[in-house]
Amino acid sequence: MKNRLKVLRAMRDWSQAELAMHLDVSRQAVNAIETGKHDPSLPLAFKLARLFEMPIEEIFDDQP
Amino acid sequence: MTNPETDLKEADVNMTSSNPGSSKFTFAALVFVTFVAVIFGAGVVAGFTDAGGGDRPDVLFGIYAVWVAVVGGLAFLAARSWSRLMKAPKEMLSRSTRRSRNVLYAALVVSAGLGALLSMAQPEGTSIFTNGPLAVFPALVAIMVWTVGGSITTLMWWRMTDEHDRASYEAGANVAVHAYLFIAPSWWVATRAGLLPEQDPMVVMLIVAAIWSAVWFYRKYL
């Protein structure tokens, strides 16, 4: 699934490790989500939405 | 006015905190090689003694000297690597990652200890890969550690690690179970046809575990 995580993270000047700390996941998990290799669960998607203060639809795009 | 979404440079986006992963790998590799050298040296000494080498104390002393020098050298390098690792900037880890890694390290240490115990508890001498008889007490300890300790450790790790790690582990399990479904019956049929020797469950288990680990590693890190 496409997403804007990489851009949103960079706008806050966070490294992948820093974002991983906020989400309580590994840096590899953040990398996998950013590159579209792993689709996050609903709880993790909501966590991301709360962290970036925007709706899930503005972070993730399910359109091909 | 700039647009942050288009002006971001790839270098900015890909930045990560300092990652001492290679140092950790070096240290882990040195510990592993030291452990193998200890076991291998014990095997050489046991084999030499069994072959009547006890009559040549000068040669036995030489073997001991080389063994101690190699293991000592490797242990020194491992200690130096550990020292450098401790001085390096700490890798930023989330709580779940740190806890799951600690469980993994503990499991590796216990597994290595278990392997050393089994390799030394054989009446016929030190060896890692054998189906030879074992002394009863070390066998019972190994069974208890593996069944009780192994299942508790796995459950702890499963509850602590993050969803991406769990997904990688599940993908590995899926492929590994299918590999088992293909390997075990094929070997059984091949044995009945006289094409292969009797099936060794430990060899099958090692193949399945290797496939499981390879898929997990690929999904998690690559």
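Numbered from 1 within each chain, the chains take letters A, B, ... in sequence-line order. Below, all heavy atoms of this structure are taken into account, side chains as well, without hydrogens, waters or symmetry copies.
Other residues, nucleotides and ligands contribute at most 12 non-hydrogen atoms within 6.0 Å of the CZ atom of B:Arg159. Under a cut-off of 6.0 angstrom, the local environment of CH2 in B:Trp158 is crowded, with over 12 non-hydrogen atoms contributed by other residues, nucleotides or ligands. Annotation: B:Phe32, atom CZ; neighbour count of heavy atoms from other residues, nucleotides and ligands within 6.0 Å does not exceed 12. Heavy atoms from other residues, nucleotides or ligands lying under 6.0 Å from CE of A:Met54 number more than 12. For B:Trp67, the CH2 atom is densely surrounded, since the number of other residues' heavy atoms within 6.0 Å is greater than 12.
Taking 4.5 Å as the limit, every side-chain heavy atom of B:Glu163 sits out of range of all side-chain heavy atoms of A:Pro43.
Side-chain N or O atoms of A:Asp24 include one that pairs as donor or acceptor with a backbone N or O of B:Ser96 at under 3.5 Å. Counting only distance, with no hydrogens or angles, the side chain of A:Ser26 and the backbone of B:Thr97 share no donor-acceptor pair below 3.5 Å.
Looking only at heavy-atom pairs under 4.5 Å with chain A, the residue among B:Arg95, B:Arg101, B:Arg98 that has the most is B:Arg95.
Here the CD-CG distance, from A:Gln28 to B:Asp165, works out to 8.5 Å after rounding to the nearest 0.5 Å. For the atom pair CZ of A:Arg27 and CE of B:Met92, the computed distance is 11.5 Å after rounding to the nearest 0.5 Å. In this structure, NZ on A:Lys37 lies 7.5 Å from CG on B:Leu222, to the nearest 0.5 angstrom.
A:Pro40 touches chain B through backbone and side chain together, each having a heavy atom under 4.5 Å away. Within the 4.5 angstrom heavy-atom criterion, only backbone atoms of A:Asp39 (N, CA, C, O) approach chain B.
Across every non-hydrogen atom of A:Ala32 and B:His164, the tightest pair is CB-NE2, 3.4 Å.
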